[in-house]
**Student:** 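Dropping a structure here in structure tokens format, bear with me for questions.
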Amino acid sequence: MTAWLTGVATAAALAWLIMLALPWQPWRMRETFEADAADTHHNLDDVTVLIPARDESQTLGAVLDGLTSQGHNLSVIVADDQSSDDTARIAHEHPAAPTVVEVPPLPDGWTGKLWALEHAWQQTASPWLVLLDADIQLAPGTLAGLRDKARRDNRTLVSLMAHLRMQAPVEKLLIPAFIYFFKLLYPFALSNAGSRYVTASAGGCVLINAAAVERIGGFGALAGAIIDDCTLAAKVRAAGGRTWLGVTRAAVSLRGYDDFAGIRDMVARSAFSQLGYSTLLLLAATAAMLVLFIAPIAGVLTPDPAARAAGVIGYMAMVASFLPTLAYYRQSLARALQLPAVGCMYLAMTWVSAIRYWRGRRSAWRGRIYKR
């Protein structure tokens, strides 16, 4: 038994050391975007912001407030997706004077966000589109900065991983790891370099060339996608475009998760989809997660010197890999010590996602259930 534990702990330690040594360093926070908040006099007549909104009365006003400080001549379209609250009224009465598009009932084969975007983009004539979630507030200068980056770096699509709220205790525990795991799963450096194996995007804030949307056939080309952001980036890449994804403090999510259930449902919405609904991949991921996160702890606690040494090395490498994420989001670095427990929580959420799928529910969001 001791020899077996030593071998597993050694494998985990090697895996973490290899991950730290990878040339593209997915654990680092190198791909960042910062807005020039001092300059708000940009002419944005070539940009239209599309906001799909369903029951977003609590955040939409603040989102529109953020757009008023971006510059002048900006066009904004709010696609009201069958809201049952004051979303439409808030949009109509806001000083930003957005165009409000009433989205028809959702047909089979579509997800709500993509259905709303499909109706909104057909009302545009701008060369640049910004796909903005109705709970993402932008700092001044963000839109001009995104447009300038796309032009300067010859990118068809530029997206930002929004700064998620980290105020409640459960958010401080789990949300930094959400970004950390996303970056490990979709290494930003590889995606930004045009890797044929990795294509990543973050759907909360996306600037995209309107001609590229036309080339891929509109949002109907990804109508039923659950992970719509990465699917969109893959379509753009397949059509010859170049993409870029980074983290930022200039796009802030206003949506909070005050309890574990909220974060669980957010993760479970797409976790099994990321595994292609494959039970085999789920089992493989489970085995890998247990080895990576549990074996180092088991090694540390065993009396065998070899197993303990492997466990200490693996645990230290694991903790080191998480520190840049915590530092970027200005969270306590001591939380890196909790990563094994957090990793197991995310594994449990993935199983929740799989169980819901096996029971017939592919995904659920904003009051809608998407069946298998």
Side-chain angles (χ1 to χ4, degrees), residues 15 19 26-27 111-114 133 135 159 161-162 164-166 170-188 190-191 197-204 222-234 245 247 253 255-294 318 321-322 325 338-372:
M19 196 273 287
W27 48 277
T111 58
K113 178 179 179 179
L114 294 170
D133 282 0
D135 62 349
S159 64
M161 172 67 75
L164 304 179
R165 203 184 78 167
M166 303 177 195
V170 70
E171 292 173 330
K172 293 180 178 181
L173 176 67
L174 295 175
I175 293 300
F178 177 82
I179 291 96
Y180 169 79
F181 288 132
F182 185 86
K183 289 183 92 275
L184 295 187
L185 188 61
Y186 297 100
F188 289 11
L190 291 181
S191 178
Y197 302 107
V198 180
T199 306
S201 177
L222 49 151
I226 298 299
I227 309 177
D228 53 82
D229 42 15
C230 293
T231 305
L232 175 61
L245 168 62
V247 295
S253 174
R255 191 181 306 283
Y257 299 96
D258 294 325
D259 55 28
F260 178 82
I263 297 178
R264 177 203 63 202
D265 291 343
M266 183 263 291
V267 173
R269 179 171 67 98
S270 61
F272 198 38
S273 177
Q274 289 177 325
L275 297 175
Y277 306 111
S278 168
T279 302
L280 183 61
L281 285 179
L282 175 64
L283 294 174
T286 299
M289 292 281 281
L290 291 177
V291 169
L292 289 172
F293 292 104
I294 300 301
M318 178 201 315
S321 72
F322 194 30
T325 301
Q338 302 170 323
L339 189 56
V342 172
C344 290
M345 291 181 193
Y346 273 92
L347 176 60
M349 296 179 209
T350 303
W351 273 91
V352 169
S353 179
I355 292 169
R356 289 177 177 178
Y357 177 81
W358 294 331
R359 290 177 175 176
R361 187 167 74 173
R362 186 164 61 110
S363 184
W365 196 245
R366 308 306 291 165
R368 284 194 174 115
I369 295 177
Y370 302 102
K371 297 182 179 180
R372 288 175 57 180

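Every heavy atom of this structure was used, including side-chain atoms; hydrogens, water molecules and symmetry mates were not. On a predicted model such as this, the values are computed, not experimentally measured, just so you know.
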**Student:** State which residues pass salt bridge (charged side-chain N to carboxylate O under 4.0 Å, His left out) with K113; sequence neighbours excluded, sorted by chain then number.
**Tutor:**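 Listed in chain order: D133, D228.
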**Student:** Quick one: does K371's side chain have a donor or acceptor within less than 3.5 Å of a partner on G360's backbone?
**Tutor:**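 A pair under 3.5 Å: no.
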**Student:** What are the two closest heavy atoms between A162 and S253, and how far apart are they?
**Tutor:**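 Closest approach of A162 to S253: CB-N, 4.4 Å.
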**Student:** List the steps, then state whether side-chain contact (heavy atoms from CB on, under 4.5 Å) holds for V247 with F188.
**Tutor:** CA-CA 9 Å; V247 295; F188 289 11; 3.9 Å; yes
**Student:** Write down the atom of L245, the atom of M161, and the distance for their closest heavy-atom approach.
**Tutor:**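 Heavy atoms only, the tightest pair is CD1-N, 4.0 Å.
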**Student:** Taking the side chain as every heavy atom from C-beta outward, state whether D229 and Y186 have any pair of such atoms under 4.5 Å apart.
**Tutor:**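 Not in contact.
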**Student:** Closest heavy-atom contact between A234 and T199?
**Tutor:**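 Heavy-atom minimum between the residues: N-CG2, 3.4 Å.
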**Student:** Which atoms form the tightest heavy-atom contact between M349 and A268, and what is the distance?
**Tutor:**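 Taking M349 first and A268 second, the nearest heavy atoms are O-CB, 4.0 Å.
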**Student:** Stepwise, does the side-chain contact (heavy atoms from CB on, under 4.5 Å) test hold for V267 with M345?
**Tutor:** CA-CA 11 Å; V267 173; M345 291 181 193; over 6 Å; no
**Student:** Between S363 and R269 (side chain of the first, backbone of the second, donor and acceptor by atom type, cut-off under 3.5 Å), is there such a pair?
**Tutor:**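 A pair under 3.5 Å: yes.
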**Student:** Taking C-beta and beyond as the side chain, do M19 and P26 meet within less than 4.5 Å on heavy atoms?
**Tutor:**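 Yes - at least one pair of side-chain heavy atoms lies under 4.5 Å apart.
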**Student:** Considering all heavy atoms of both residues, which atom of A233 and which atom of S201 are nearest to each other, and what is their separation?
**Tutor:**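 Taking A233 first and S201 second, the nearest heavy atoms are CB-CB, 3.7 Å.
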**Student:** Answer yes or no: is there a donor N or O on one side and an acceptor on the other, between the side chain of Y257 and the main chain of R165, under 3.5 Å?
**Tutor:**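 Side chain of Y257 to backbone of R165, a donor-acceptor pair under 3.5 Å: no, none is there.
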**Student:** Rounded to the nearest 0.5 Å, how far apart are SG of C344 and CZ of F293?
**Tutor:**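 Output value for this atom pair is 8.0 Å.
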**Student:** With rounding to the nearest 0.5 angstrom, report the NZ to CD distance, K172 to Q338.
**Tutor:**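 If we round to the nearest 0.5 Å, K172:NZ and Q338:CD are 11.5 Å apart.
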**Student:** With sequence neighbours excluded, tell me which residues meet side-chain contact (heavy atoms from CB on, under 4.5 Å) with A354.
**Tutor:**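 Result, side-chain contact (heavy atoms from CB on, under 4.5 Å) vs A354: F272, L282, W358.
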**Student:** Return the CE to CG distance between M266 and L174, rounded to the nearest 0.5 Å.
**Tutor:**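 Between M266 CE and L174 CG, I get 8.5 Å after rounding to 0.5 Å.
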**Student:** Let's go through I263 and F178 carefully: what are the C-alpha distance in whole Å and the side-chain angles of both, what is the deciding distance for side-chain contact (heavy atoms from CB on, under 4.5 Å) to 0.1 Å, and is it a yes or a no?
**Tutor:** CA-CA 10 Å; I263 297 178; F178 177 82; over 6 Å; no
**Student:** If you apply the rule side-chain contact (heavy atoms from CB on, under 4.5 Å), what do you find for Y357 with L275, and how did you get there?
**Tutor:** CA-CA 12 Å; Y357 177 81; L275 297 175; over 6 Å; no
**Student:** Taking side-chain contact (heavy atoms from CB on, under 4.5 Å) as the test, write out the residues that go with L185, two or more places apart.
**Tutor:**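 side-chain contact (heavy atoms from CB on, under 4.5 Å) check on L185 returns Q274.
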**Student:** Is there a donor-acceptor contact under 3.5 Å from the side chain of S321 to the main chain of M318?
**Tutor:**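 Yes; at least one donor-acceptor contact below 3.5 Å.
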**Student:** Is a side-chain N or O of T350 found less than 3.5 angstrom from the main chain of Y346, in a donor-acceptor match?
**Tutor:**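 Yes, the answer is positive, given that a donor and an acceptor are paired below the 3.5 Å cut-off.
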**Student:** What are the two closest non-hydrogen atoms of P176 and E171, and how far apart are they?
**Tutor:**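 Heavy-atom minimum between the residues: CD-O, 3.4 Å.
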**Student:** Can you tell me how far OG of S270 sits from CD1 of I227, rounded to the nearest 0.5 angstrom?
**Tutor:**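 These two atoms lie 5.0 Å from each other.
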**Student:** Measure the spacing between OH of Y370 and OG1 of T111 and express it to the nearest 0.5 Å.
**Tutor:**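 Reported to 0.5 Å precision, the distance equals 5.5 Å.
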**Student:** Answer yes or no: is there a side-chain heavy-atom contact under 4.5 Å between Y180 and V342?
**Tutor:**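 No; the side chains remain at least 4.5 Å from each other.
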**Student:** To the closest 0.5 Å, what do you measure between CG (L347) and CG (L290)?
**Tutor:**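 These two atoms lie 6.0 Å from each other.
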